[in-house]
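The shown structure was predicted, so the numbers you read here are calculated from the model rather than taken from an experiment. Any value given below was found using the heavy atoms of this structure, including those in side chains, with hydrogens, waters and symmetry copies removed.
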Amino acid sequence: MRYLALIPARYASSRFPGKPLADIHGKPMIRRVYERCTAVFGTDCYVATDDPRIEEAVQAFGGQVIMTSTEHRSGTDRCAEALDTAESLTGRRFDIVVNIQGDEPFIATEQLEQIRGCFDDTATQIATLVKPFTPAENIFNDNSPKVVLSTSGDALYFSRSAIPFLRGVPQEEWQARYTYYKHIGLYAYRSDVLRAVTKLPQSPLEKAESLEQLRWIENGYRIRTAVTTLESHAIDTPEDLRNVLSLFPDYQ
């Protein structure tokens, strides 16, 4: 199978404008992500952006970049366009598209290998990562989506609420009584599935929770999960960046 790694990147983040170009020990964030991805996927890796400043930064360090429309609602939509462009540029057909967040400069190669391994099962349509919440983490934080899993490892539902609800158990005891999983925003899709899900209209569940993966589940697509124990350290705000840099002062 041929994998295409895509890193959707926007400049106009409301909470952190210019985030992909933020400096991390002498390299822009987008370069850190790109280098992690090429370590696993080689030359079949592109940044997908709609901003010429990001395009210029990627080209400056020798990376590959695809310019996309400014009208996309999500990174998934941007990846669907970039897939078509990459196949046109290379003359090759890609079987699987891996969507790596541009604000994950500390994504581990092990995690990228995990999501790739989900497609060893020919039945896998979409794959993502989940991680058990630690006791120190707040399962009631609605900015951290939760996911419940089937016995076979497929995602049953994603929610901003703490799910499942433990009836008759005080909330302060929930994490001691049940393993809650948080969603790690790393996706991979079979190419035909990616093209199909981006053509679907927004669904009622997606609108309710503001989580696009619910559109896919609501339309009958299966999302296979792999469990990681590694933190991904997504960066949403300048404060997040300062906190992460304090954790990795010697990051090379």
Say whether [X] and [Y] are linked into one hydrophobic cluster, either directly or through other cluster members, by side-chain heavy-atom distances under 4.5 angstrom.
X: Phe106; Y: Leu241; value: yes
X: Tyr157; Y: Leu149; value: yes
X: Val130; Y: Phe133; value: no

Does a side-chain N-to-carboxylate-O contact under 4.0 Å join [X] and [Y]?
X: Glu231; Y: Lys131; result: yes
X: Glu212; Y: Arg73; result: no
X: Arg116; Y: Glu113; result: yes
X: Lys19; Y: Asp103; result: yes

Measure the [atom1]-[atom2] distance between [X] and [Y] for me, rounded to the nearest 0.5 Å.
X: Ile66; Y: Leu89; atom1: CD1; atom2: CG; answer: 6.0 Å
X: Ser69; Y: Asp77; atom1: OG; atom2: CG; answer: 9.5 Å
X: Cys79; Y: His72; atom1: SG; atom2: NE2; answer: 9.5 Å
X: Ile126; Y: Ile223; atom1: CD1; atom2: CD1; answer: 5.0 Å
X: Ile7; Y: Arg78; atom1: CD1; atom2: CZ; answer: 13.5 Å
X: Ser144; Y: Arg160; atom1: OG; atom2: CZ; answer: 9.5 Å

Output field: ring centroids Trp216/Phe158 closer than 6.0 Å: no

Check: Tyr46 ring centroid to Tyr34 ring centroid under 6.0 Å: no

Side chain to side chain contact (heavy atoms under 4.5 Å, CB included) assessment of Tyr180 paired with Leu166: CA-CA 11 Å; Tyr180 285 83; Leu166 298 191; 3.4 Å; yes

Can you find a pair of side-chain heavy atoms, one from [X] and one from [Y], that are under 4.5 Å apart?
X: His183; Y: Gln213; result: yes
X: Ser161; Y: Lys146; result: no
X: Gln59; Y: Val65; result: yes

Whether Glu206 side chain and Leu211 backbone form a donor-acceptor pair below 3.5 Å: no

Aromatic ring pairing Phe41/Tyr3, orientation class (parallel under 30°, perpendicular over 60°, tilted between): tilted

Donor-acceptor side-chain pairing of Tyr189 and Thr76 below 3.5 angstrom: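 Present: a donor and an acceptor within the cut-off.
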
Full working for side-chain hydrogen bond (donor to acceptor under 3.5 Å, both in side chains) between Glu55 and Thr49: CA-CA 7 Å; Glu55 178 189 33; Thr49 187; over 6 Å; no

Derivation and outcome, side chain to side chain contact (heavy atoms under 4.5 Å, CB included), residues Arg190 and Ile96: CA-CA 4 Å; Arg190 294 196 184 275; Ile96 310 294; 3.6 Å; yes

Steps toward side chain to side chain contact (heavy atoms under 4.5 Å, CB included) verdict (Leu200, Tyr221): CA-CA 12 Å; Leu200 295 170; Tyr221 289 94; 4.1 Å; yes

